[in-house]
Protein chains: 2
Amino acid sequence: MPGSKRLFMTAQRRVILEELKNTSSHPTAEQIFDLARARLPRISLGTVYRNLEILAERGMIQQLAWAGTQKRYDGNPESHYHVRCLNCGRVQDIMVEPLAVITEIFERVCDYEIVGHRLEALGLCRRCLEKSRNV
Amino acid sequence: MPGSKRLFMTAQRRVILEELKNTSSHPTAEQIFDLARARLPRISLGTVYRNLEILAERGMIQQLAWAGTQKRYDGNPESHYHVRCLNCGRVQDIMVEPLAVITEIFERVCDYEIVGHRLEALGLCRRCLEKSRNV
DNA sequence: TTCTATGCAAAGCATTTGCAAGTCC
DNA sequence: GGACTTGCAAATGCTTTGCATAGAA
């Protein structure tokens with residue numbers, strides 16, 4: 001079962017966690033690797049992936065994973081929504097309370113016991129909108 | 001721009017489309033490949049991927065990028081929601097109109113132009129609920 | 001001292017692509 | 001006939017894994 005092993009707080013793990021907490025850009029593993037390598041030049045990409053996996057498993061961070069896209073990571077473990085720019089791929093937080101109405105509606109129309117949902121909005125960020133206006 | 005080319009209805013394309021329309025199981029490309037190969041033994045996986053891409057681009061089918069590692073496909077091009085059973089992994093269609101309120105709310109709290117969203121409910125299907133009751 | 005983690009490189013997996021030959025309209 | 005597709009195989013891109021060594025408690 002996940003979480004049954006002891007968790008050593010190595011320099012690598014601490015740096016990864018810190019960098020993730022210090023950004024709101026929902027970076028990819030590669031971007032986190034770059035941030036971490038600036039502080040620990042010998043850290044490897046494999047270590048970054050391994051730690052991101054472990055930290056997500058323990059609920060210390062969030063993994064934003066949709067098939068067909070690169071995974072992104074969020075230092076905020078609280079559940080919240082995101083918007084993704086279809087043009088540049090940027091992901092940002094949405095400051096909205098979880099929508100209970102979704103659970104209510106879904107429970108009414110199917111015979112599942114609904115325990116949650118994953119919702120991500122798709123759109124165009126202001127930067128990309130402006131760029132396309134100036135073509 | 002997508003859709004500017006003529007679209008030939010080859011045997012491969014027809015079979016892929018038919019198999020997708022005939023199932024409600026939201027198969028992966030590989031599963032569609034197996035279904036198609038039963039009818040066209042020489043079809044290649046690359047052709048399946050290419051056609052799924054083209055058909056989705058033209059709005060004839062849907063590409064579902066859910067949590068997980070593989071994309072899934074839906075022969076129903078109308079946008080609709082899905083529930084996933086956390087226990088057995090089954091995915092089923094939800095017969096609900098797209099919730100416009102989601103777009104409204106998201107547009108109010110961020111400066112993106114929202115063009116859509118992906119929403120997947122998570123829960124336990126009746127079969128799994130009954131099984132757990134009988135333990 | 002023991003269990004856990006790291007670096008490195010190789011492997012894995014889903015998907016995409018180049019190309020010559022074939023097919024559709 | 002010309003545009004579009006196919007099969008095949010190689011390439012790509014992201015992620016995971018094996019293994020010997022290093023580090024944490």
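A side-chain donor from one of B:Q92 and A:Y112 sits under 3.5 Å from a side-chain acceptor of the other. A donor-acceptor pair shorter than 3.5 Å cannot be found between the side chains of B:Y81 and A:H117.
Applying the salt bridge (charged side-chain N to carboxylate O under 4.0 Å, His left out) rule to B:D93 yields no partners; only residues at least two apart in sequence or on another chain are considered. Every salt bridge (charged side-chain N to carboxylate O under 4.0 Å, His left out) that B:R118 has, sequence neighbours left out, goes to A:E120.
Comparing the end axes of the helix from C:dT1-D:dA25 to C:dC25-D:dG1, each fitted to five base pairs by superposing C1' atoms of four pairs onto the next four, gives an inter-axis angle of 40° (nearest 10 degrees).
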**OP:** Just do the side chain to side chain contact (heavy atoms under 4.5 Å, CB included) check on B:L129 and B:N87 with the steps written out, would you?
**Re:** CA-CA 9 Å; B:L129 282 171; B:N87 188 244; over 6 Å; no
**OP:** Apply side chain to side chain contact (heavy atoms under 4.5 Å, CB included) to B:Q63 and B:D74, showing your working.
**Re:** CA-CA 6 Å; B:Q63 212 177 41; B:D74 192 327; over 6 Å; no
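Within residues 64-73 of chain B, the residues having any heavy atom closer than 4.0 Å to DNA chain C are, in order of number, B:T69, B:Q70, B:K71. Listed in residue order, the members of residues 27-43 of chain A having a heavy atom less than 4.0 Å from DNA chain C are A:R42, A:I43.
In this structure, CD of A:E53 is placed 17 Å from P of D:dC14, rounded to the nearest angstrom. If you measure from atom CG of A:L45 to atom C1' of D:dG13, you get 12 Å, rounded to the nearest angstrom. Separating the CG atom of B:L52 from the C1' atom of D:dT6 is a distance of 15 Å, rounded to the nearest angstrom.
The side chain of A:Y49 places an N or O atom within less than 4.0 Å of a non-bridging phosphate oxygen (OP1 or OP2) of D:dT15.
Protein chain B contacts DNA chain C from C:dA14 to C:dC25, reading 5' to 3' and using non-hydrogen atoms of the protein with a distance under 4.0 Å.
Each ring-ring contact (aromatic ring centres under 6.0 Å, His included) pair with one or both residues in residues 17-54 of chain A, not counting sequence neighbours, appears once here: A:H26-A:H82. Identified under the side-chain hydrogen bond (donor to acceptor under 3.5 Å, both in side chains) test for residues 8-18 of chain B, with sequence neighbours left out: B:R13-B:N51, B:E18-B:R39.
Side-chain heavy-atom separations under 4.5 angstrom define the hydrophobic clusters, and B:M95 shares its cluster with no other residue. When hydrophobic residues (I, L, V, M, F, W, Y) are linked wherever their side-chain heavy atoms come within less than 4.5 Å, the members clustered with B:L64 are B:W66, B:V91.
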Original post:
Could you run down nucleotides 18-25 of chain D 5' to 3' and tag each one B, S or - for protein heavy-atom contact under 4.0 Å?
Top reply: B----BB-
Considering only distance and modelled atom types, tabulate donor-acceptor pairs under 3.5 Å from the side chains of residues 101-109 of chain A, sequence neighbours left out.
{"from": "A:E107", "atom 1": "OE2", "to": "A:I114", "atom 2": "N", "distance (Å)": "2.9"}

